[in-house]
Amino acid sequence: MRLLLMSDTHLPKRAKQLPAPLLDEIPRADVVFHAGDWVDTATLDLLESRSRRLVGVYGNNDGPALRARLPEVAHADLGGLRFGAVHETGPAQGREARCAARFPGLDVLVFGHSHIPWDTTAPSGLRLLNPGSPTDRRRQPYCTYMTATVDGGRLTEVELHRLPPRRAT
């Protein structure tokens, strides 16, 4: 099962549209995750129409229209693994212990907010993944997203994808 993970798209404030390489990944994915800060409902509509299955949550920059359609925390059982998605997880220091305590039944937690890619495993075994942002790199060298595979009850082939710089318009 192929997964596509993204967060913090901030459209149309940070970019006018999702990058083509990311859009090209959607039909290849069995499940698309978006960990919040969509900002516009058009992006949600687009991902709902193009994804086989979408798991999404709202973020701190998402207004009433998105909050009416998305949960704060989402759960999905995929290929024998228990996934969760949430936008904010607090500061980097202590994140693994804090998330393991908050989400004790999960195997994988997809989160966003910081725009900083993250891939760690808590002592409890909880895998924490932040795909960064495909549209707003902030202090990072690249805009990013992630792909992964679920195979035989294991998360494999977790890959951070760097996007080429956008051309000035």
Side-chain angles (χ1 to χ4, degrees), residues 1-11 14 22 25-26 29-39 43-44 47-48 51 53-63 66-163:
M1 177 180 306
R2 186 166 170 83
L3 310 178
L4 171 60
L5 289 66
M6 69 182 85
S7 187
D8 298 284
T9 48
H10 291 272
L11 294 179
R14 300 292 187 228
L22 177 65
E25 286 286 346
I26 294 172
D30 297 297
V31 181
V32 175
F33 281 84
H34 191 301
D37 273 5
W38 309 70
V39 179
T43 304
L44 175 56
L47 291 183
E48 283 180 332
S51 303
R53 180 174 178 186
L54 177 64
V55 177
V57 296
Y58 67 77
N60 61 299
N61 284 297
D62 295 329
L66 286 161
R67 289 173 185 242
R69 293 173 60 186
L70 296 162
E72 180 180 10
V73 178
H75 295 92
D77 292 330
L78 303 171
L81 294 175
R82 296 159 299 179
F83 282 80
V86 67
H87 185 62
E88 295 186 58
T89 60
Q93 176 119 17
R95 179 174 285 142
E96 288 83 4
R98 193 171 48 253
C99 289
R102 183 175 173 198
F103 303 103
L106 296 182
D107 299 304
V108 181
L109 179 65
V110 180
F111 69 98
H113 188 61
S114 68
H115 299 219
I116 299 171
W118 186 277
D119 182 355
T120 59
T121 303
S124 67
L126 174 65
R127 183 90 175 254
L128 292 104
L129 298 174
N130 183 330
S133 170
T135 56
D136 184 12
R137 65 184 179 86
R138 292 218 180 138
R139 294 171 301 280
Q140 301 304 301
Y142 298 95
C143 289
T144 58
Y145 67 93
M146 284 180 172
T147 56
T149 301
V150 176
D151 187 16
R154 293 187 29 217
L155 187 67
T156 63
E157 301 176 33
V158 176
E159 183 177 352
L160 180 68
H161 299 267
R162 295 175 173 177
L163 290 159

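The residues of the chain are indexed from 1 along the displayed sequence.
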Residue pairs meeting salt bridge (Lys or Arg N to Asp or Glu O under 4.0 Å), one or both in residues 149-162, sequence neighbours left out, come to none
In short, salt bridge (Lys or Arg N to Asp or Glu O under 4.0 Å) pairs touching residues 111-120 with sequence neighbours left out are Asp119-Arg127
Smallest separation among heavy atoms of [X] and [Y], with atom names:
{"X": "Gly56", "Y": "Ala74", "value": "O-CB, 3.9 Å"}
{"X": "Gly36", "Y": "Ser7", "value": "O-OG, 3.4 Å"}
{"X": "Ala122", "Y": "Ala100", "value": "CB-CB, 4.2 Å"}
{"X": "Gly153", "Y": "Leu81", "value": "O-CD2, 3.1 Å"}
{"X": "Gly79", "Y": "Val150", "value": "O-CG1, 3.7 Å"}

Please determine whether a side-chain nitrogen of the Lys or Arg among [X] and [Y] lies less than 4.0 Å from a carboxylate oxygen of the Asp or Glu.
{"X": "Arg2", "Y": "Glu25", "answer": "yes"}
{"X": "Glu48", "Y": "Arg53", "answer": "no"}
{"X": "Asp107", "Y": "Arg82", "answer": "yes"}

Report the distance from atom [atom1] of [X] to atom [atom2] of [Y], rounding to the nearest 0.5 Å.
{"X": "Leu109", "Y": "His75", "atom1": "CG", "atom2": "NE2", "result": "8.5 Å"}
{"X": "Thr89", "Y": "Phe103", "atom1": "OG1", "atom2": "CZ", "result": "8.5 Å"}
{"X": "Asp62", "Y": "His10", "atom1": "CG", "atom2": "NE2", "result": "8.0 Å"}
{"X": "Tyr58", "Y": "Leu66", "atom1": "OH", "atom2": "CG", "result": "11.0 Å"}
{"X": "His113", "Y": "Trp118", "atom1": "NE2", "atom2": "CH2", "result": "13.5 Å"}
{"X": "Leu155", "Y": "Leu129", "atom1": "CG", "atom2": "CG", "result": "6.0 Å"}

I want to check something: taking the side chain as every heavy atom from C-beta on, are [X] and [Y] in contact at a cut-off of under 4.5 Å?
{"X": "Thr9", "Y": "Val39", "result": "no"}
{"X": "Thr135", "Y": "Asp8", "result": "no"}
{"X": "Arg95", "Y": "Leu128", "result": "yes"}
{"X": "Arg138", "Y": "Ser133", "result": "no"}
{"X": "Leu126", "Y": "Ser124", "result": "yes"}
{"X": "Val55", "Y": "Val32", "result": "no"}

### Query
What orientation do Phe33 and Phe83 show, parallel under 30°, tilted 30 to 60°, or perpendicular over 60°?
tilted
message = What verdict does the side-chain contact (heavy atoms from CB on, under 4.5 Å) test give for Leu78 and Leu3, after you've listed the backbone C-alpha separation in whole Å, the side-chain angles of each residue and the deciding distance to 0.1 Å?
response = CA-CA 10 Å; Leu78 303 171; Leu3 310 178; 4.1 Å; yes
Evaluation steps, side-chain contact (heavy atoms from CB on, under 4.5 Å), between Trp38 and Leu70:
CA-CA 11 Å; Trp38 309 70; Leu70 296 162; 3.2 Å; yes
Note to self: Measuring centre to centre across the rings, with the benzene-like ring taken for any Trp, is His87 within less than 6.0 Å of His34?
What the structure shows: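 Between His87 and His34, the centre distance exceeds or equals 6.0 Å.
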Which of Asp30, Leu47, Leu22, Val31 passes side-chain contact (heavy atoms from CB on, under 4.5 Å) with Leu4? It is Leu22
From the list Val86, Val57, Leu5, side-chain contact (heavy atoms from CB on, under 4.5 Å) with Phe111 holds only for Val86
Counting only N and O atoms by type, is there a donor-acceptor contact under 3.5 Å from the side chain of Arg98 to the main-chain atoms of Gln93?
yes
Residue pair Ser114 / Asn130, side-chain donor-acceptor N/O under 3.5 Å: yes
Flag for His161-Thr147: side-chain donor and acceptor within less than 3.5 Å
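Present: a donor and an acceptor within the cut-off.
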Holding to salt bridge (charged side-chain N to carboxylate O under 4.0 Å, His left out), I want the full list of residues that pass it with Arg14, two or more places apart in sequence or in another chain.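 Salt bridge (charged side-chain N to carboxylate O under 4.0 Å, His left out) list for Arg14, sorted by chain: Asp136.
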